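So the structure is just underneath, and the comments pick up after that.
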2 protein chains.
Amino acid sequence: MSSLKPDSRIQVIDRAALLLDAISRYTNPVKLKILSADTGLHPSTTHRILHSLIDNSFVAQDSNGQYRPGKRLLGLSSHSQENNDVRAVALPYMERLRDRFSETINLTIREGDVVIYFEKANPKRMMHVQQIVGSRAPLHVAAVGKLILGSGGKAAIESYAQRTNLPAYTRNTFSSLPELTQECLTSVQQGFALDNEEAEIGVGCIGVLLYDRSGGVAAGLSLSAPIERRRNEWIEDVVKAGKEISAKLGYSA
Amino acid sequence: MSSLKPDSRIQVIDRAALLLDAISRYTNPVKLKILSADTGLHPSTTHRILHSLIDNSFVAQDSNGQYRPGKRLLGLSSHSQENNDVRAVALPYMERLRDRFSETINLTIREGDVVIYFEKANPKRMMHVQQIVGSRAPLHVAAVGKLILGSGGKAAIESYAQRTNLPAYTRNTFSSLPELTQECLTSVQQGFALDNEEAEIGVGCIGVLLYDRSGGVAAGLSLSAPIERRRNEWIEDVVKAGKEISAKLGYSA
DNA sequence: TACTTCATTTCATATTGTGAAACTGATTCG
DNA sequence: CGAATCAGTTTCACAATATGAAATGAAGTA
């Protein structure tokens, strides 16, 4: 017996992972029934696993008995050396960009079909875009995500499209697959990507990729601003910062 | 058969949790043998669970086959409503403190015997304390941690001391338990705590607790600065910010 | 080459997790 | 107000699942 997802050695762990994923997709606490439906697990099984996760603080239950992500998840995450290298190198550049434009600068990393924000520099300014560290966005609605998709080539984009069905987050920017393919590929070509209110209405981004000594993508760097404040002139600065960071990471183009 | 730690319904999940904890205690990749020893699990079992976690990206293996935290952990964590309330309310105050003193301001939350940094405001300044979101510190070496310990009363402090054995991180500040008890209790009494290079040499903190409408501890707020820059005059500002945030969270003292 | 040490695989075994069904306790509805 | 519905939880007999001892493989050391 098996599910639709790729599977591994220990069943319970795969199932626990499914459940954690399902829970963290919701911003608000979720009911058992829904989690059971989302994951395709028997309610009884869902309940048992969930409560085992609760005992380990991976999941928490609110006063109504609904489930939400637990505190333990926060603490476990990567201060892995790998990420810290990028982080340490990138931060000064991020802070410089932040100060120059007074906008939010983010570092992201890919994991599966999403990008995860793992470091940020917030400007001193009344209104600014607030990205939460640890939050996620699907590849096709994030500037950095488009670059990642594009650098995988046409096949990767199509496979992604098929897998995810390209859910629209705000306006339906990509009604057609060729459109997305086009945009991703040209983004890679020109060395940067834009996000025009695709992840969230009112927010525009400029994204570039960072490379390490192996030539692989180390992370993504992006600037997020209220769309009406974002200026095209900023692009070259972001691109330049990206190149400098990559160089410091040992990348030689 | 059972371990020394408190246990729950599903064995594998408890064991996986043990392993994740063990891994994330190390900054560098760790060998199987060590994880096996740390957790008391049979090497074979350790290997099996570890690889199941790898298949789910909770753990990653570097080129030498050593284990480190996986990317999946980053993305899962709490943008749970609960935390976001505190975050949203506290951020403006944090940014104000950051701007006034040009030092790093952190939000922390307790989980088990550690505090976890989950939001920050970094100043525009060449040198400043850099706390990584998601990183942890044991209660007894963090300003906020001492307040948390103190608010639990004498019994809680003693139980914590016995459980953890109060490992020294820098200088051996607390050679004796009464000393720690003393400091925690007076900290609570005066409404703030200090950390004098106890977590890291050269870094000094000022911490206060934030309370919500239920009267419980919602989070901790702290200022971290190079020890020689930190001024006692700042304390009242941090305390004041803490009170204002608590008030906005619905706390009525 | 022989000796250690650690990682991985195998495999017989019973322990462990499974899910159908029964139970509980809300909430809705006639 | 009682019947019906539905979500959550507990129980339990069963077999699939995870277990760990031992064997094998891979690497490093003397």
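Every chain is numbered from 1 and lettered A, B, ... according to where its sequence line falls, protein lines coming before strand lines. These figures come from a predicted structure and were not determined experimentally.
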Indicate yes or no: at least one non-hydrogen side-chain atom of B:Tyr93 is less than 4.5 angstrom from one of B:Lys248.
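Contact flag for B:Tyr93/B:Lys248 side chains = yes.
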
Separation of atom [atom1] in [X] from atom [atom2] in [N], rounded to whole Å:
{"X": "B:His42", "N": "C:dC11", "atom1": "NE2", "atom2": "C1'", "value": "13 Å"}
{"X": "A:Leu50", "N": "C:dG19", "atom1": "CG", "atom2": "C1'", "value": "16 Å"}
{"X": "A:Ile49", "N": "D:dA18", "atom1": "CD1", "atom2": "P", "value": "10 Å"}
{"X": "B:Ile34", "N": "C:dT5", "atom1": "CD1", "atom2": "P", "value": "15 Å"}
{"X": "B:Lys33", "N": "C:dT8", "atom1": "NZ", "atom2": "C1'", "value": "15 Å"}
{"X": "B:Ile10", "N": "D:dT10", "atom1": "CD1", "atom2": "P", "value": "13 Å"}

Short side-chain N/O contact from [X] to OP1 or OP2 of [N], under 4.0 Å:
{"X": "A:Thr45", "N": "C:dT18", "result": "no"}
{"X": "B:Gln11", "N": "D:dT19", "result": "yes"}
{"X": "B:Lys31", "N": "C:dC6", "result": "no"}
{"X": "B:His51", "N": "C:dT8", "result": "yes"}

Minimum-distance nucleotide (side-chain atoms of [X] versus [options]):
{"X": "B:Arg48", "options": "D:dG8, D:dA18, C:dT8", "value": "D:dA18"}
{"X": "A:Val12", "options": "C:dA7, C:dT10, D:dA18", "value": "D:dA18"}
{"X": "A:His47", "options": "C:dG19, D:dG8, D:dT9", "value": "D:dT9"}

When we call it a touch if two heavy atoms are under 4.0 Å apart, what does B:Gln61 touch: a base, just sugar-phosphate, or nothing?
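Counting heavy atoms under 4.0 Å across all strands, the contact made by B:Gln61 is with sugar-phosphate only.
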
Output yes when A:Arg136 and A:Asp21 qualify as a salt bridge under the 4.0 Å nitrogen-oxygen rule, no when they do not.
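Counted as a salt bridge, because a side-chain N and a carboxylate O are separated by less than 4.0 Å.
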
Give a yes or no on whether the backbone of A:Tyr160 and the side-chain of A:His140 come within a donor-acceptor separation of less than 3.5 Å.
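Pair absent, no side-chain N/O of A:His140 close to backbone of A:Tyr160.
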
